[in-house]
*Asks:* 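Pasting in a structure now, in structure tokens, and then I'll have a few things to ask.
In the text below, chain A, chain B and the rest are named by the order of the sequence lines, each starting its count at 1. Bear in mind that the values here come from a model prediction, so they are computed numbers and not experimental data.
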Amino acid sequence: MPVCDPTALSQSLLAWYDRAGRTLPWRKKGGAAADPYHVWLSEVMLQQTTVVVVAPYFLRFLERWPTVAALAGASSDEVMHAWAGLGYYARARNLHACAKVVAEWRGGAFPDDEESLRKLPGIGDYTAAAIAAIAFGRRAVVMDGNVERVMARLFAVSEPLPAAKPRLKALAASLTPDLRPGDYAQAVMDLGATLCTPRNPACGICPWMAACDGRKQGIEAELPAKLAKAERPTRHGVMFWAARKDGAVLLRRRPPQGLLGGMMEIPSTPWRESPWQADELAAEQPLAAPWRPLPGLVRHTFTHFHLELRLVAGKASSNATPLGIWVALDKLGDHALPSVMNKVIRHALAKAY
DNA sequence: AAAACGTGGTC
DNA sequence: TGACCAAGTTT
């Protein structure tokens, strides 16, 4: 049997998968049917996020909201709070919106085909294919970063991403079997995650080594080629640490769309490319107060820019009624604060008292 | 269709 | 220290 035969390749991969058997929290056990709710929840969390980070969030969500109907019944703030720290918060907004559609319009049943799944909020090409294959046993071509890398190497595709995507998908489709599509989808992704890794691929123990053109040509480590990314600019902001007499500090909610949309924040100036001057703060302050600069700065890096935040502290008079909520220091954990805001809070607690 | 959108770990 | 990267989607 020639090693380039698609059936032989998919079979050898499935054999490897059965033998290696990574145990992941969302994976069905002992031949049990995969629960579409579990598959959907895990796949949305796994978008651009590592297994290690997702696992505890997945278990926490499932414990708190055992069904899609339960999740649909949660408040927006509860969901955002539970998602805090995972990043890409549009996913949480779309997750909740999707849960409502499925629970209210479909009686809690997820659609079982790619085309219908694709219409739901937060479900794109990858997630639709993954749910169709893993939860419903449908043959679907699952394309994520792992599969792109594995295909680029296996077939020695040197054309850089993202232009190579259609070709890579066609190659992946040529290998996707009719049998055990869900296991096969997870097997290719596992191969990319554990052996065919971005750096130092473990070709020596790869079930596809004999067939791998990239390996034969000695270019596996250079693949997939990628276009250079744009530079990240640096933006600047000033955070207002407003403390009331009883110690409570001021938080407010960010606008529902855009960066950190719907999450809570320490009141801030906008984040712009030019640093802020002291005489500009009066026009940006959440309440009128004398502001005292705190030493040091908080650095944070987002996907597309670096951020440098300075802090100013002020005391709020008791009759101040700003747009926001006052939160006791020991209750800050009760709110939907993204990681960058927790960084700011840690800094303020260290410097302002 | 290019750009926006988080975070933490790794080398 | 910093660039790269992770089971992508939306506009």
Side-chain angles (χ1 to χ4, degrees), chain A residues 22 24-27 38-58 80 83-95 97-98 117-135 140-150 161-163 165-166 169 172 182-194 196-201 221 224-235 254-263 265 271 299-307 336-343:
Chain A
R22 271 217 295 180
L24 302 175
W26 42 86
R27 217 159 257 182
H38 298 187
V39 175
W40 164 71
L41 180 61
S42 64
E43 290 302 342
V44 172
M45 287 183 167
L46 285 164
Q47 291 166 6
Q48 297 289 284
T49 310
T50 55
V51 163
V52 175
V53 172
V54 164
Y57 280 88
F58 173 79
M80 299 311 288
W83 196 273
L86 256 191
Y88 283 150
Y89 297 97
R91 290 184 298 170
R93 304 193 297 268
N94 287 329
L95 186 87
C98 183
L117 286 161
R118 183 69 180 76
K119 294 187 172 111
L120 292 167
I123 298 183
D125 289 341
Y126 162 76
T127 306
I131 297 173
I134 298 170
V141 182
V142 172
M143 289 304 290
D144 75 331
N146 288 305
V147 184
E148 286 176 355
R149 183 171 59 256
V150 170
L161 290 168
K165 279 174 186 265
K169 177 153 190 181
D183 287 341
Y184 175 80
Q186 293 176 86
V188 198
M189 293 191 281
D190 272 13
L191 186 71
T194 62
C196 196
T197 50
R199 284 168 301 213
N200 302 318
K226 292 187 178 178
L227 254 35
K229 289 172 185 165
E231 285 188 26
R232 278 199 277 241
T234 297
R235 295 187 190 168
R254 293 175 62 85
Q257 302 299 321
L259 187 69
L260 307 176
M263 301 293 284
E265 68 172 358
W271 299 342
R299 293 178 195 279
H300 190 80
T301 297
F302 292 104
T303 307
H304 54 298
F305 65 94
H306 301 288
L307 181 61
L337 291 160
S339 294
V340 63
M341 294 303 157
N342 283 321
K343 241 190 235 187

*Asks:* Kindly point out which of C:dA7, C:dT9, B:dT7 is positioned nearest to the side chain of A:Pro338?
*Replies:*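 Side chain of A:Pro338 sits closest to B:dT7.
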*Asks:* Does A:Arg93 use its side chain to pair, donor to acceptor, with the backbone of A:Gly261 at less than 3.5 Å?
*Replies:*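 A pair under 3.5 Å: yes.
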*Asks:* Rounded to whole Å, please give me the gap between CG in A:Asn342 and P in B:dG8.
*Replies:* 9 Å
*Asks:* Can you find a donor-acceptor pair, distance only, under 3.5 Å between A:Ser339 side chain and B:dG8 base?
*Replies:* no
*Asks:* Look at all strands and tell whether A:Asn94 reaches a base, only sugar-phosphate, or nothing, counting heavy atoms closer than 4.0 Å.
*Replies:*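 Sugar-phosphate contact only - A:Asn94 comes under 4.0 Å of backbone atoms but never of a base.
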*Asks:* Could you state the CG-P distance from A:Asp144 to C:dT9, rounded to the nearest angstrom?
*Replies:*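 To the nearest whole Å, that distance equals 10 Å.
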*Asks:* With rounding to the closest Å, how many angstrom separate the C1' atoms on C:dT11 and B:dA1?
*Replies:* 10 Å
*Asks:* In whole angstrom, give the distance that lies between atom CE of A:Met45 and atom C1' of B:dT7.
*Replies:*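 Distance, rounded to whole Å: 14 Å.
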*Asks:* Could you tell me whether A:Lys165 and A:Asp125 have a side-chain N and a carboxylate O separated by less than 4.0 Å?
*Replies:* no
*Asks:* Has the side chain of A:Thr127 got a donor or acceptor atom sitting under 3.5 Å from an opposite partner on the base of C:dG8?
*Replies:*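 When only heavy-atom distances are counted, A:Thr127 does not reach the base of C:dG8 through any donor-acceptor pair under 3.5 Å.
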*Asks:* Under 4.0 Å, heavy atoms only, any strand: does A:Ser42 hit a base, just the sugar-phosphate, or nothing?
*Replies:*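 Nothing: the residue A:Ser42, judged by heavy atoms under 4.0 Å, touches no strand.
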*Asks:* Would you check if A:Thr49 and A:Tyr57 make a side-chain contact, meaning some heavy-atom pair closer than 4.5 Å?
*Replies:* no
*Asks:* Is a donor-acceptor contact shorter than 3.5 angstrom present between the side chain of A:Tyr126 and the base of C:dG8?
*Replies:*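 Result: no qualifying N/O pair found.
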*Asks:* Just the rounded figure in Å: distance from C1' of C:dA7 to CG of A:Leu191.
*Replies:*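 From A:Leu191 CG to C:dA7 C1': 14 Å.
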*Asks:* Round to the nearest Å and state the distance from A:His300 atom NE2 to B:dG9 atom C1'.
*Replies:* 14 Å
*Asks:* Once the angle between the rings of A:Phe58 and A:Trp26 is folded into 0 to 90°, is it parallel (under 30°), tilted (30 to 60°) or perpendicular (over 60°)?
*Replies:* perpendicular
*Asks:* Given the C1' atoms of C:dC5 and B:dG6, what is the spacing between them in whole Å?
*Replies:*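 Approximately 13 Å lies between the C1' atom of C:dC5 and that of B:dG6.
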